[in-house]
Amino acid sequence: MAKQKPLQILFFPLPSPGHIIPMIDLAKLFASRGAQSTIILTPLNASRFNSTIARSQSLNHRIKLHVIPFPSSLLPPNCESTDTLPDRSLSESFSQALSLMQPEFDQVVRSEPPDAIVSDLLLSWIAPVANELNIPRYAFPGTGCFPLSVELSILMNRAQIGSVDEFIVPGLPNKVYLTRFKLAETTLPGEKSKEFFDRARKVNLSTVDLVVNSFSDLEPAYAEYYQRVMGKRAWMVGPVSLCNQEPSDMVERGRGVIPPEAGQIFQFLDNKPTGSVLYVCFGSLCQFPLAQLKEIGFGLGTSNVPFIWVIREGQGGSHEEWMEDFEKSVDGRGMVVKGWAPQVGILSHMAVGGFMTHCGWGSVTETVSAGVPMLTWPLFAEQFYNEILVTEVAQVGLKIGAEVGFVWNQVEKGGVVVSGEKIKEKVIWFMGNEKQVEEVRKRAKMLGERARQAVGIEGSSYKNIQLLMEDMKQRSWRVSIKKELA
Ligand code: UDP
């Protein structure tokens with residue numbers, strides 16, 4: 001009997017670390033379960049994932065990159081990922097450049113039509129060729145069912161919510177209080193931005209289902225809520241970061257090379273007592289006004305708590321005199337990483353007892369997977385919704401107390417949102433032994449175990465991958481039959 005051809009899945013991520021990293025994990029997961037995964041990347045992004053893919057191939061998994069050029073006419077060189085844009089005012093040109101990739105993408109799809117496409121929810125121009133060729137297309141939202149549900153409810157109840165300062169998000173399984181200052185659109189304002197998200201939402205109506213980096217115990221009622229409202233299934237197949245179990249996979253994740261400071265970081269952690277270190281990182285895109293950066297320095301510096309603080313490359317102030325003085329003053333107790341830290345590796349180290357995070361979805365799921373509690377400080381987009389999930393629904397984190405975010409293109413105007421004194425107070429409390437904190441710690445550990453169970457053999461996410469692959473096969477098969485009969 002002829003051997004059955006493996007299921008061919010084409011992945012197209014949004015070139016932004018918070019979206020591309022989990023989609024690479026996703027492609028690896030499908031390949032490890034017998035599918036042929038092909039990921040479309042541009043050259044710079046490919047260079048960040050070559051070694052990861054090579055390791056997966058060395059396990060005989062069918063996975064490969066398909067590199068297409070990045071349309072560079074609208075942007076300075078090397079701006080192939082949101083984190084490499086020198087300036088946020090270039091975001092619009094970046095999204096225009098992305099849409100210029102459509103002909104290349106169409107060409108890839110036409111030359112070898114896959115059985116299914118998994119593409120980022122925000123890449124709306126992928127739909128036409130998939131629809132034309134009847135290829136089932138699944139959207140990867142890069143975020144979870146809870147924030148998607150909050151967003152849906154707000155969209156549906158716009159008139160009822162109006163412009164009041166505080167409201168309960170209508171119709172959700174939990175009582176979710178929000179203020180208008182915490183809405184995603186408040187930090188991502190402007191007609192162009194609205195158009196971009198509206199287009200993505202519209203086009204997503206033609207997707208088959210969603211593939212979500214989450215697991216049922218993290219947001220149990222929300223996959224159902226989403227399905228009830230949208231009529232689409234949200235396949236929870238995560239946390240996908242847990243597919244990185246080898247040290248090299250954890251340490252090189254997202255960059256393809258070992259970050260220069262990795263040795264120092266792990267040596268630092270090895271010398272600290274279990275659960276004593278606060279890891280502080282605000283994702284791949286954060287920007288703070290210099291004044292806020294200094295307040296964080298003050299809070300961490302005076303807290304007496306051991307910490308690792310990651311400051312994005314090029315963040316104002318990272319090379320200034322105050323930073324040098326700061327580093328000297330905390331030498332031995334605190335470590336500043338300028339650039340990229342091996343986050344998943346750090347979170348899995350015994351010495352880490354908490355994570356001060358901006359609540360990007362990737363960070364949330366990685367922290368939950370590691371069983372580490374979060375001190376939450378959302379900055380923009382849907383991060384305030386994620387904070388509510390973490391602190392109120394799952395109760396595996398505590399809020400630092402940020403009541404407003406930073407507007408995408410006007411960060412300097414944001415000033416100081418959380419003062420150094422408050423940061424110090426919250427850090428000491430969060431890393432201490434008060435009952436409320438101990439309970440959060442316990443729950444974080446428990447949820448971490450559940451996350452590992454979910455991706456383990458026969459766990460809910462493990463089973464969902466199998467079922468989803470069958471779903472893809474059946475849809476693709478039905479398309480072939482229709483073609484034969486036409
Ligand atoms: N990340 C990392 N090292 C860093 C900064 C970020 O490994 O120094 C990774 C992090 O583990 C996560 C992704 O980059 O996988 C960031 O995604 P997230 O959704 O948390 O936030 P975003 O960057 O999209 O705001």
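Both counts, for ligands and for their atoms, begin at 1 and track the order of listing.
The environment of CZ in F181 is crowded: more than 12 heavy-atom neighbours from other residues, nucleotides or ligands sit within 6.0 Å.
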Can you give me every donor-acceptor pair (side chain of residues 81-88, partner residue at least two apart or in another chain, under 3.5 Å) with its distance?
from : atom 1 : to   : atom 2 : distance (Å)
S81  : OG     : P15  : O      : 3.4
S81  : OG     : D83  : OD1    : 2.4
T82  : OG1    : S16  : OG     : 2.6
D83  : OD1    : R48  : NH1    : 3.2
D83  : OD2    : R48  : NH1    : 3.4
D83  : OD2    : R48  : NH2    : 3.0
D83  : OD2    : R255 : NH2    : 3.0
T84  : OG1    : N78  : O      : 2.9
T84  : OG1    : E80  : N      : 3.4
T84  : OG1    : S81  : N      : 3.3
T84  : OG1    : S81  : O      : 2.8
D87  : OD1    : S89  : N      : 2.8
D87  : OD1    : S89  : OG     : 3.0
R88  : NH1    : W408 : O      : 3.0
R88  : NH2    : L285 : O      : 2.4

Table please: side-chain donor-acceptor pairs of residues 116-125 below 3.5 Å, with sequence neighbours left out.
from : atom 1 : to   : atom 2 : distance (Å)
D120 : OD1    : L122 : N      : 2.9
D120 : OD2    : H19  : ND1    : 2.6

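Taking the charged nitrogens against the carboxylate oxygens, E261 and K338 have no contact shorter than 4.0 Å, which rules out a salt bridge.
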Pairwise, report which nitrogen or oxygen atoms of ligand 1 are under 3.5 angstrom from protein nitrogen or oxygen atoms, and how far apart they are.
from     : atom 1 : to   : atom 2 : distance (Å)
ligand 1 : 3 (N)  : A341 : O      : 2.7
ligand 1 : 7 (O)  : A341 : O      : 3.3
ligand 1 : 8 (O)  : A341 : N      : 2.8
ligand 1 : 11 (O) : Q343 : NE2    : 3.2
ligand 1 : 11 (O) : E366 : OE1    : 2.6
ligand 1 : 11 (O) : E366 : OE2    : 3.3
ligand 1 : 15 (O) : E366 : OE2    : 2.6
ligand 1 : 19 (O) : W361 : N      : 3.4
ligand 1 : 19 (O) : G362 : N      : 2.9
ligand 1 : 20 (O) : S363 : N      : 2.8
ligand 1 : 20 (O) : S363 : OG     : 2.6
ligand 1 : 21 (O) : H358 : NE2    : 3.0
ligand 1 : 23 (O) : S284 : N      : 2.7
ligand 1 : 23 (O) : S284 : OG     : 2.5
ligand 1 : 25 (O) : H358 : NE2    : 2.9

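Looking at residues two or more places apart in sequence or on another chain, you find no side-chain hydrogen bond (donor to acceptor under 3.5 Å, both in side chains) involving D331.
Ring geometry, F70 versus F94: the interplanar angle falls under 30°, so the pair is classed parallel (tilted spans 30 to 60°).
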